[in-house]
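These notes are about the structure you will find just below.
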Amino acid sequence: MEFKEILLSDLRNGNLAILTGAGISVSQPAGFPLAYNISKKILNILTSSAGFPLGECVLNEIIKRTQMERLWESVDRASNNGILGTIPMLEKGKPNLDHHFVLKLSQKFNINTIFTLNFDNYLEEAFLQCNGAISNLTETSQPYISRLKKNSDSYLEIVHLHGRNDSGDISSLATTISTTGVALEKEKEDILLSSIKDKSIICLGYSNGDYDTFPLIDRFCEKVYWYDYKHGLSQNVYELVREYPEKYLLLNDEKGIGISKFLENCINDDADWQAIKDLVSSQKDIKEADLFCHFELAFLPLLGSNEGHRRLTSQVALETLFHDIGFSDMEDTIRKKINSKPTQKKYYAYYTHNVVQSEYAKKNKKVFRSVLHSLRAYIHTPSDYALLDVVGSLIVLWKIFPIPLWIIKKLCELTISLVIRRGEAQSVQKGFFLLGDINHFIAETCFCPSTDAIYRGFKHLVFRNSKTFHLLDRLCFLLTKPLRNIFLKSALKEYSNAVLFPYVNSGVKVNIAYNLLAALRVREVSAALGHSDVDDRIEKVSEDALIFYIQQKENDGQANCYASSGIKNYYSGNSEDAKIKLKKAYGLYSKHSSGKSKSESFLFRLGVNGD
């Protein structure tokens, strides 16, 4: 109860922002299905159409490991057929009391911006129910912002951080659904920060299941009030509450009475509140079974025009999902199922299938197979981005035989330069990353034999633990440093161009940051060159990535972050912290042999073993 009093104080002082999540739209008469139920429904449709039945335990484990948005992306990648158009089928209800409560809270305490992670328009509908004419809703230049007229000189803005379903128009969602839970676009991030920096925020119906919003809240908010419905928040939130009790304040609704009733004392003197309660109670409840029935009828045709087409699209969607979440055994099984029948090459799913197979082959060091599949994908659907997939596979091939295959490297560079000149944003960004990859490899492998090459060469010999080897290792490093730094500077420049490319949204930037971290590059390169002025956004995505990987329990991702930080400390002379971080990384790596080997090699230089 004391937290409610502190909350009221922040409200009266105008020091509070509001963030709503999916939980606010669950109560009747809105009746929006829980993310778990939506994911389960989609997976049931996919497994049934693919002829790939899964047991209840396996299904639950997949849902546990998968953000709903990642599942949507897998289906969208496989179908390329407007699958997002089915989202409005789940939004057939009416605003509930929680929507009205949020609006009353903003009205009473003069809060002019509400942030929501929901696609639905229930907050806007609730406002219009109580404020009359549709003219009170005005257009803005940003499709994800609703501006609602409160009086002659005052507006309420509702900012849909993950996009908005505007009367069935999903154009604003199409660019955000695949990166939801990954990172906010810069424009949205700036709007959010302008309202939350050094202030308090109350999170309602938000369980902290994403990656884009929480890191900003964690970094910039002074205090976070978190409404907890029957202990339904992510484990990460409870850990934060225990670790930082003065910053994270839990509003614990153990009885599950709901947001509006639990916090009703905040607006208990509002004269219209009883009338709003009567209005909401008069609305008809929505049945989840009916919603899912309409949803399935709309969803199935978008998987394909006939049974064979739907089967292939569903199988490739599952293949993509299993690849993304690291279910390698199931990925192998579904891939064999796809390849066991003549592939219908006319369908878009064939392109996605080859892209995923190329990624899988590359990951498992089957380079020629990776090149073959990327070529098949490019021939099926020619584009600059598909062409760069081919280039990426060829670069991996060149890395195995860098001197004999130098011509491949030159052809790749020419192709990348051509794509960059053509100027398609996402392809240009990928081109910069590949150029950075080439330059980094040259610096690390060809001109710095003191890294993995020498370490691996002497791995099983007593010599590598001798003072003589340490001396030779250091001598090689110093002799090759001038030439090495030329290529490292070039790599850093290209990586910076890729991560900071202004047009493409931050979701793509974080995908690239993941690759940089996986190769232990961002911090390593900047630290090795003494670049303290590397743009803050590169550092930010690196730090935020660790929060995300801890939430998702992805050990290799966490290990990449710890290893990068450890290598940075190694280069900057902070040996003790380097040892701690690198030992953590070594312990977390599982099948990531290159990451394990590299962290072990730096531990060796620090005079310790990874074990």
Side-chain angles (χ1 to χ4, degrees), residues 4 7-8 11 16 18-34 88-138 145-152 154-160 164-168 202-206 227 229 251 253 255-291 294:
K4 293 185 185 180
L7 171 62
L8 271 171
L11 284 165
L16 193 80
I18 299 175
L19 173 71
T20 70
I24 201 173
S25 296
V26 171
S27 298
Q28 295 291 355
F32 191 80
L34 294 169
M89 297 295 170
L90 300 172
E91 299 167 1
K92 299 294 185 182
K94 295 291 181 183
N96 61 33
L97 208 55
D98 293 340
H99 296 120
H100 285 282
F101 170 79
V102 169
L103 292 172
K104 279 295 179 186
L105 204 63
S106 68
Q107 181 183 12
K108 180 171 180 176
F109 297 101
N110 200 30
I111 298 170
N112 294 321
T113 307
I114 296 172
F115 296 95
T116 181
L117 304 179
N118 300 343
F119 303 133
D120 61 61
N121 294 306
Y122 288 135
L123 284 170
E124 288 87 342
E125 289 179 34
F127 182 92
L128 294 176
Q129 280 182 351
C130 296
N131 293 274
I134 192 71
S135 59
N136 286 330
L137 176 59
T138 61
I145 297 179
S146 301
R147 181 170 292 150
L148 303 155
K149 191 173 183 179
K150 295 197 288 188
N151 51 52
S152 58
S154 179
Y155 289 88
L156 169 67
E157 288 192 338
I158 299 172
V159 182
H160 293 258
R164 171 175 162 235
N165 165 33
D166 187 10
S167 302
I202 182 169
C203 300
L204 302 170
Y206 169 55
Y227 170 76
Y229 180 82
L251 303 170
D253 182 7
K255 296 180 180 178
I257 59 178
I259 293 169
S260 56
K261 192 170 182 179
F262 185 74
L263 296 173
E264 196 169 25
N265 67 310
C266 294
I267 57 165
N268 57 13
D269 57 349
D270 191 285
D272 301 329
W273 188 235
Q274 186 56 50
I276 290 172
K277 285 183 176 180
D278 294 340
L279 171 67
V280 171
S281 64
S282 69
Q283 302 285 343
K284 185 180 179 181
D285 286 357
I286 196 83
K287 293 182 180 178
E288 188 174 280
D290 292 341
L291 284 177
H294 293 299

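Hydrogens, waters and symmetry mates play no part in the numbers below; they use all other heavy atoms, side chains included.
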*Quick one: closest heavy-atom pair of P29 and I286, and the distance?*
O-CG2, 3.9 Å
_F115 CZ to E157 CD distance, which is reported to the nearest 0.5 Å_ = 9.0 Å
_Validation row: Q129, H99 side chains within 4.5 angstrom (heavy atoms)_ = no
_Side-chain heavy-atom pair V280, P95 within 4.5 angstrom cut-off_ = no
*Evaluate side chain to side chain contact (heavy atoms under 4.5 Å, CB included) for L251 paired with L204, printing each intermediate quantity in order.*
CA-CA 10 Å; L251 303 170; L204 302 170; 5.6 Å; no
_Where L123 and L103 come nearest, the two heavy atoms and their spacing_ = O-CD1, 3.4 Å
_Heavy-atom pair with the smallest gap, counting every atom of D120 and S25_ = OD2-OG, 3.0 Å
*Taking atom CD1 of I114 and atom OG of S146, what is their separation to the nearest 0.5 Å?*
10.5 Å
_Euclidean distance, L148 CG relative to F127 CZ, rounded to 0.5 Å_ = 5.0 Å
*asked:* With heavy-atom distances below 4.5 Å as the criterion, would you say the side chains of I111 and L11 are in contact?
replied: yes
*Provide the closest heavy-atom pair for L279 versus S282 in the form atom of the first, atom of the second, distance.*
O-OG, 2.6 Å
*Would the number of heavy atoms belonging to other residues, nucleotides or ligands and lying under 6.0 Å from NZ of K277 be above 12?*
yes
*Would you please test N121 and H160 for side chain to side chain contact (heavy atoms under 4.5 Å, CB included) and show each step?*
CA-CA 9 Å; N121 294 306; H160 293 258; 4.2 Å; yes
*How long is the gap from CG on L156 to OG1 on T113, to the nearest 0.5 Å?*
7.0 Å
*asked:* Quick check for you: to the nearest 0.5 Å, what is the distance between L16 atom CG and I202 atom CD1?
replied: 6.0 Å
*asked:* Quick one: does any side-chain atom of D253 pair with a main-chain N or O of I259 as donor and acceptor, under 3.5 Å?
replied: no
*Going through the checks in order, is the side chain to side chain contact (heavy atoms under 4.5 Å, CB included) test met by L291 and M89?*
CA-CA 7 Å; L291 284 177; M89 297 295 170; over 6 Å; no
_Contact check, side chains of L7 and L263, non-hydrogen atoms, under 4.5 Å_ = yes
*asked:* To check you understand the geometry: which heavy-atom pair defines the closest contact between Y122 and K92, and what is its length?
replied: OH-N, 3.7 Å
*Decide side chain to side chain contact (heavy atoms under 4.5 Å, CB included) for L8 and F109; before the verdict, give the C-alpha distance in whole Å, the side-chain angles of both, and the deciding distance to 0.1 Å.*
CA-CA 10 Å; L8 271 171; F109 297 101; 4.1 Å; yes
*Which atoms form the tightest heavy-atom contact between D98 and S27, and what is the distance?*
OD2-OG, 3.8 Å
*Roughly how far apart are F119 CZ and F32 CZ, rounded to 0.5 Å?*
8.0 Å
